[in-house]
Amino acid sequence: MIKVDNLTMTFRHNRGMMTVLEDLHFHLEASEFVTILGRSGSGKSTLLDLIMGLIKPTAGTIVRRPGLTIGYVFQKPALLPWRTVLHNVSLPLEIAGRPRKECNERAQEALRQVGMDHANYGYPFQLSGGMAQRVAIARALVQNPDILLMDEPFAALDPMLRDNLNVNLLKLWHRTGKTILFVTHSINEAVFLSDRIVILEEGRMITERKIPIPRPRDFDTFGSELFVHTVGEIRKVMPIQPNLPREPL
Amino acid sequence: MTIPRILRNLAAAIGLVLSILVVWQLIIWVFAPEEWLFPSPRAVWLRFWELVEVDALQHHVKVTAIEVLAGYALGLVLGVLTGYPISQLRIVEKIATPYLVAANSVPLVAFAPLLLLWFGNGIGTKIIVAGLIVYFPMTMSTIAGFHGVSPMHARLLHSMRANKWQRFRYLELPSAVPGLLAGMKIGAPLAVVGAVVGEFLGTGEGLGHLILEANGLLDTAQLFVAIIILAFFGIGFYLMTLSLELMIIGPWHNKRRM
Ligand SMILES: Nc1ncnc2c1ncn2[C@@H]1O[C@H](COP(=O)(O)OP(=O)(O)O)[C@@H](O)[C@H]1O
Ligand SMILES: [Mg+2]
C-alpha cells in the first residue's frame, strides 16, 4: 500500500542542518499491523508526518497506492474543547464538505466502533485521558481510511489502561481489516500488537522483526512464554543507549 | 449558571443596595450634613422625580445610552478589525504593539479637546470618545485571543487538509472567543466612562451634562442622581456581557483543558 525508498529528512536549524531520517526503506502491506519502535527523538513522528504528506522529504520517494486514504492519531487527543464529542469526530467530514446529516451519522458510527457512543453530546473536558484518546481514534476512523497512523496514542496513559486499550485496538483491527502503522517506544506494546516491528534509532532503520505470536491475542498473551521470549529477543537487538554505561554503576 | 444561583446572586445584590441605603441614612442621622454637601436618600429620590418631570431625565439617559452603545460597538469593531491582522503577522505586531501601548497610556481626557476641535460638539464626538476608550483594550484582547490557538490543534487541522477559511472558522475564531469576550467585558464599563468624558466637553445633553450642571449649581442631589444612574448603566452593561459569555463559552470554557 505504501512504499518508502531512500527517504531522508533534514531540518534546517538556526545553526546548520539536522538529519532526522536517513536513507530509509520501508513498505506497508494491506491489513498489516506494523509498529515502528524507537526511543524518543529517533524520528518516529517525523516519519509519520512524511507518510501522511504533512511535510515533504528532503530526498527519496514515498509511493502511496492511488486513492489511498489515511487517518492520523496523535499522541495527545487534540480534541477541540468548544465542540461536543460528536462534532469533534465529525470535523474531518465537515472539512471535506460532506452534508451535515451524513457527518453526524458517520461520526456516531465511528464512536460506536470505539465504544464511546454514550458520550456523543458531552464536551471533551468531561472525558478521562483514555476516553479522549478513543474519541480521537474515532475521529481518525470517521472517513473510513485504508490506513491508520497512530503516534504513541496510549503513551500518556497508565499501563493497565494501556493494555486494555491495546486489546480493544486489536479487536477493532480484526473487525475492520484496516492497515495500521503504529509508533511506540514500548517494547511490550510493540510485541503485543504487531505482525512486524521496525526498529528506528537516530533516524536509521536498524532491523526489522516478524512477531511469531499467534492471533487472536488478548490479555493472556502478556503472560505467555512466547510473548516474554519475544520481548527478550527484541530487547537484545535494541541498541544500548550510547551515553549510558553498559555496566551498573 | 443555574436558576437558583441567579436568584441567590440577585438576592445578594439587593441586600448590598439595601445596606448601602441604611449606612447612608445613618450618616445623615448621625452627622446631619448640609444638604448641598451630602444629601439624604430621600432628597435624592425627590430630586430624581423632579428631574423626570421637569427636565426630561429620560432624554438625557437616552442620549447617554446611545453614545455608550454606539461607542462600544464602534470600539469593538475597530478593535477586532485592527487586532486580527496584527495578530497574524509577527512583524506588524512587533512594530504596532509599542505604539498601541503608548497611545493607550495617554489619558483619554487629554485627547478629548482635540476630538472636539476636529469633530464638533455633536453626539458623534461622544461616540468617538467612547469608541476610542473601548478600542485599545479590545485590540489587545483580540491579539491575545488569536494567539490562543494551540499548535497541537493547528497540526490537527493541517492533517485534515483544512483550507485557510476552514482554519479560521473551525480553529482560529473559536480559539479567540474567550479573549474577544474578555475584551468585551473590559470595554463595557469603559464605554460608559468614555461617553461621560465626551459629555464633559459640553453640549447640553446627557448624564455627563447633568453632572456638570449640578456641579455649577451645587445641586448635589442631582449629582447623586446622575452618578447612581451611571453606576446602574455600568452594572447592567457588565452583566449583559457576562451573560453573553456564559451563553457562548459557558458549556466548555475554563473547565479542565484538553
Ligand atoms: N519541524 C522540525 N524542525 C526541526 N527539527 C525537528 C522538527 N521536527 C522534529 N525535529 C527534530 O527531529 C528529531 C526527531 O523528532 P521526532 O520525529 O518527533 O522524534 P520521535 O517522534 O521519535 O520522538 C528531534 O530531535 C526533533 O527535535
Ligand atoms: Mg514523537
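Residue numbers start from 1 in every chain, and the chains themselves are labelled A, B, ... in the order their sequence lines are given, proteins ahead of strands. Atom set for the values below is all heavy atoms of this structure, side chains included, hydrogens, waters and symmetry mates excluded. These numbers come from a predicted model, not from an experiment.
Within 6.0 Å of NZ on A:Lys178 lie more than 12 heavy atoms contributed by other residues, nucleotides or ligands. Within 6.0 Å of CG in B:Leu114 there are more than 12 heavy atoms belonging to other residues, nucleotides or ligands. The neighbour count for B:Phe232 CZ, taken as heavy atoms of other residues, nucleotides or ligands under 6.0 Å away, does not exceed 12. Around CE of A:Met17, the count of heavy atoms belonging to other residues, nucleotides or ligands within 6.0 Å exceeds 12. For A:Arg175, the CZ atom sits in a packed shell: over 12 heavy atoms of surrounding residues, nucleotides or ligands are nearer than 6.0 Å.
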Pair B:Leu157-A:Leu91, side-chain contact (heavy atoms from CB on, under 4.5 Å): steps then yes or no: CA-CA 9 Å; B:Leu157 272 270; A:Leu91 184 64; 4.2 Å; yes
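Using a 4.5 Å heavy-atom cut-off against chain B, the contacting residues of residues 42-58 of chain A are A:Asp49, A:Met52, A:Gly53, A:Leu54. Against chain A, the residues from residues 160-186 of chain B that qualify, each with a non-hydrogen atom under 4.5 angstrom away, are B:Met160, B:Arg161, B:Ala162, B:Gln166, B:Tyr170, B:Leu171, B:Pro174, B:Ser175 in number order.
Sorted by first and then second residue, the salt bridge (charged side-chain N to carboxylate O under 4.0 Å, His left out) pairs with a member in residues 114-141 of chain A form an empty list; sequence neighbours excluded. Screening residues 156-165 of chain A for side-chain hydrogen bond (donor to acceptor under 3.5 Å, both in side chains) gives A:Arg162-A:Glu189, A:Asn164-A:Asn168 as the qualifying pairs, with residues at least two apart or on separate chains.
The structure places OH of A:Tyr72 at 4.5 Å from CZ of B:Arg155, a figure rounded to the nearest 0.5 Å.
Of the atoms belonging to A:Glu94, heavy atoms from both backbone and side chain fall under 4.5 Å from chain B.
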